[in-house]
Amino acid sequence: MDAIDDEKQLDRVDSLHDLDSASTTSGLSSVLSSDDFRSSSSSGDICVTSSSSGEIPAVIAAEAVETMIASVVDEPPTTTMTLTVSEAAARRKCVGRNNRAGVQWGLTSVIGRRREMEDAIAVKPGFMSTRCDQVGGCTAQGSRTSGEISPLHFFGVYDGHGGSQVAKFCAERMHEVIAEEWGREGINGHEWQKRWEVAFSNGFQRTDNEVVSEAVATDMVGSTAVVVVLSGCQIITSNCGDSRAVLCQRTKAIPLTVDQKPDRQDELMRIEREGGKVINWMGARVLGVLAMSRAIGDRYLRPWIIPVPEISFTTRSDEDECVVVASDGLWDVMTNEEVGQVACHLLRRLRRSSPTDDTPPAQIVANNLTEIAYGRNSSDNISVIVIDLKARKANPQRQ
């Protein structure tokens, strides 16, 4: 697709608020045939489309932290990236507390031009709960809310390779393991960021071990894993592989993860230090095979492919519009800036318009990012989660 076609396609965003968004199929039927638009549902059956949306109420009943499994574990190595930390961390009131209507989200996952669907998605509202001061907010001196219990929401995208088994297992299990690791007695005395680093690192390693112990797949199968944990004041991201999470603001797109590619300088040095090689064959690949340097599974490429996540902490701000979490079927053909431009423009337009149905704006954005990626000839499965972060007023139901 040439530059003129790209420009025309992006210009269509101006009229997308008229899109029939009752289902993903109607939103994409002009671009995708039924054969191209197959996707694996959560049960594993092939269906026309896999899409979902929802609204997380401002208050969700979640299990107390004390019910988490408790035991002591060793801490694996961790890489931490503090990508966006503002002075707002000392605010007396969480940004999310202004959003009385809760958090809305939408997702779309399609097979695209691939023969098999190897992506998997997990959305778990209120997957655990903890005090606000354990997620970096409400910590100002004299704050009356730092001890309040707050629900945390989990969003994960998993892009499998060699098969779908590991990605599906991660979607079913990863959030449970991370919640359990958070509650272990061995880490509950750490400063809050360190505690999350240990919980994520242990959780990714443990999920990787369970792939083997439960014979989920052969050593030739693996998956990326990008996870976002959202609270009222913090966005915590953990990533293995080349799926990606991006925070979209009105004027910029902020990467919450950095793709772990074999030719990334620090990853290249690590691989070569362990005796491995990065070979350029249709792009940089570990031993000429895998186009990423970290993943869950892929035991046949140890010690060069590792399940050690990179973790980032980002303080929420009033400038935040949404977070886009997606597999590389989107990022291979759209830049962070293009995704941010489309998402923010469409979200603002939809918020101003009168809603004609119950479809959240985030779902329409997910639909249309998928449409654009497919229209740009993305050759991979395309999975997109859009999390709407903008504060909205709760609308009372009309009698």
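Please read all numbers here as calculations on a predicted model, not as lab measurements.
Between Met117 and Ser164, the shortest heavy-atom distance links the atoms O-CB, 3.5 Å. For the pair Pro262 and Ala284, the tightest heavy-atom approach, listed with the atom from each and the gap, is CG-O, 3.7 Å. Considering all non-hydrogen atoms of both residues, Gly297 and Asp208 come closest at N-OD1, 2.7 Å. The two residues Asp388 and Val103 come nearest to each other via the heavy atoms O-CG1, 3.6 Å. What you find for Gln260 and Val308 is that their closest heavy atoms are NE2-O, 4.4 Å. Between Leu347 and Ala362, the closest heavy-atom pair is CD2-N, 4.1 Å.
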Determine whether Lys261 and Asp263 satisfy the following criterion, salt bridge (Lys or Arg N to Asp or Glu O under 4.0 Å), listing intermediate values before the conclusion. CA-CA 5 Å; Lys261 294 288 192 179; Asp263 56 350; over 6 Å; no

Given side-chain hydrogen bond (donor to acceptor under 3.5 Å, both in side chains), test Thr108 with Asn367 step by step and report yes or no. CA-CA 6 Å; Thr108 304; Asn367 293 350; 2.9 Å; yes

Might you work through the side-chain hydrogen bond (donor to acceptor under 3.5 Å, both in side chains) test for Asp119 and Ser109, ending with a clear yes or no? CA-CA 8 Å; Asp119 285 2; Ser109 185; 5.0 Å; no

Evaluate Leu389 against Leu230 for side-chain contact (heavy atoms from CB on, under 4.5 Å), listing each step before the verdict. CA-CA 10 Å; Leu389 299 178; Leu230 180 71; 3.9 Å; yes

Under the criterion side-chain contact (heavy atoms from CB on, under 4.5 Å), I'd like the reasoning laid out for Val216 against Lys168: C-alpha separation, chi angles, the key distance, then a yes or no. CA-CA 10 Å; Val216 173; Lys168 289 181 178 178; over 6 Å; no

Before giving the answer on side-chain contact (heavy atoms from CB on, under 4.5 Å), spell out for Leu330 and Val324 the whole-Å C-alpha distance, their side-chain angles and the decisive distance to 0.1 Å. CA-CA 10 Å; Leu330 176 71; Val324 177; 4.2 Å; yes

Does the side-chain contact (heavy atoms from CB on, under 4.5 Å) test come out yes or no for Val135 and Cys233, once each step is laid out? CA-CA 7 Å; Val135 283; Cys233 44; 4.3 Å; yes

Do Asp320 and Gln249 pass the side-chain hydrogen bond (donor to acceptor under 3.5 Å, both in side chains) test, and can you show the C-alpha distance, the side-chain angles, and the key distance before you say yes or no? CA-CA 5 Å; Asp320 300 343; Gln249 296 182 337; 2.8 Å; yes

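The distance from atom CZ of Arg294 to atom CD1 of Ile305, rounded to the nearest 0.5 Å, is 10.0 Å. Distance check, rounded to the nearest 0.5 Å: CD of Glu116 to CZ of Arg114 gives 9.5 Å. We find the CD-SG distance between Glu337 and Cys248 to be 9.5 Å, quoted to the nearest 0.5 Å. Note: Glu274 CD to Ile306 CD1 = 8.5 Å, rounded to the nearest 0.5 Å. Summarising the geometry, atom CG belonging to Asp159 is positioned 6.5 Å from atom CG belonging to Asp242; distances are rounded to the nearest 0.5 Å. Atom CD1 in Ile382 sits 10.5 Å away from atom CE in Met334 (nearest 0.5 Å).
Salt bridge Lys194/Glu191: absent, no basic N to carboxylate O contact under 4.0 Å. Comment: Arg264 engages Glu310 in a salt bridge, judged by a side-chain N to carboxylate O separation of less than 4.0 angstrom. Electrostatic pairing of Glu319 and Lys252 does not count as a salt bridge here, judged by no charged N lying under 4.0 Å from a carboxylate O. Here Glu176 does not pair with Lys124 in a salt bridge; the nearest charged N to carboxylate O distance is not below 4.0 Å.
Side chains of Asp380 and Asp328 form a contact here, defined as non-hydrogen atoms less than 4.5 Å apart. Residues Arg302 and Pro307 form a side-chain contact, since some pair of their non-hydrogen atoms from C-beta on lies under 4.5 Å apart. Considering only heavy atoms from C-beta on, Val227 comes within 4.5 Å of Tyr158 through its side chain. The shortest distance between side-chain heavy atoms of Val123 and His153 does not fall below 4.5 Å. Counting only heavy atoms from C-beta outward, the side chains of Asn368 and Glu371 approach each other to under 4.5 Å. Contact annotation: the side chain of Asn377 never approaches that of Val333 to less than 4.5 Å [non-hydrogen atoms, C-beta and beyond]. Val384 has its side chain out of reach of Val325: every pair of non-hydrogen atoms, C-beta onward, lies at least 4.5 Å apart. His161 places none of its side-chain heavy atoms less than 4.5 Å from the side chain of Val221.
Cluster annotation: Trp192 and Val229 are assigned to the same hydrophobic cluster (Ile/Leu/Val/Met/Phe/Trp/Tyr, side-chain heavy-atom contacts under 4.5 Å, transitive). Hydrophobic clustering, with ILVMFWY side chains joined whenever heavy atoms are under 4.5 angstrom apart, keeps Ile279 apart from Met292. Both Ile271 and Val289 are members of a single hydrophobic cluster when ILVMFWY side chains are connected at heavy-atom separations under 4.5 Å. In this structure, Phe154 is a member of the same hydrophobic cluster as Phe313, with clusters built from ILVMFWY side-chain heavy atoms closer than 4.5 Å. Residues Leu301 and Val211 do not share a hydrophobic cluster, clusters being chains of Ile/Leu/Val/Met/Phe/Trp/Tyr side chains in contact below 4.5 Å.
Sorted by first then second residue, the ring pair (Phe, Tyr, Trp, His ring centres under 6.0 Å) pairs that include residues 193-213, not counting sequence neighbours, are Trp182-Trp196, Trp196-Phe200. Each side-chain hydrogen bond (donor to acceptor under 3.5 Å, both in side chains) pair with one or both residues in residues 213-230, not counting sequence neighbours, appears once here: Thr224-Ser243.
With hydrogens and angles disregarded, no donor-acceptor distance shorter than 3.5 Å links the side chain of Asp266 to the backbone of Leu268. At least one donor-acceptor pair under 3.5 Å links the side chain of Thr207 to the backbone N or O of Gly203. Put simply, the side chain of Arg113 never gets that close to the backbone of Asn381: no donor and acceptor are under 3.5 Å apart. A donor-acceptor contact shorter than 3.5 Å is absent between the side chain of Ser201 and the backbone of Val198. Under the 3.5 Å distance criterion, the side-chain polar atoms of Gln363 are left unmatched by any main-chain donor or acceptor of Pro360. A donor-acceptor pair under 3.5 Å links the side-chain atoms of Arg270 to the main chain of Trp304, judged by distance alone. Side chain of Ser312 to backbone of Leu256: a donor-acceptor contact under 3.5 angstrom is found. A donor-acceptor contact shorter than 3.5 Å links the side chain of Arg316 to the backbone of Ser231. Within the 3.5 Å criterion, the main-chain N or O of Trp281 finds a donor-acceptor partner in the side chain of Arg285. Proximity of a side-chain donor or acceptor of Glu321 to a complementary backbone N or O of Lys390 within less than 3.5 Å is not detected.
Outside the 6.0 Å centre-distance limit, the rings of Phe127 and His175 are not counted as a close aromatic pair.
Checking each of Thr257, Thr237, Asn336 against Arg244 for a side chain to side chain donor-acceptor pair (under 3.5 Å) leaves exactly one that passes, namely Asn336. Across Val386, Leu346, Val246, a single residue satisfies side chain to side chain contact (heavy atoms under 4.5 Å, CB included) together with Cys322, and that is Val386.
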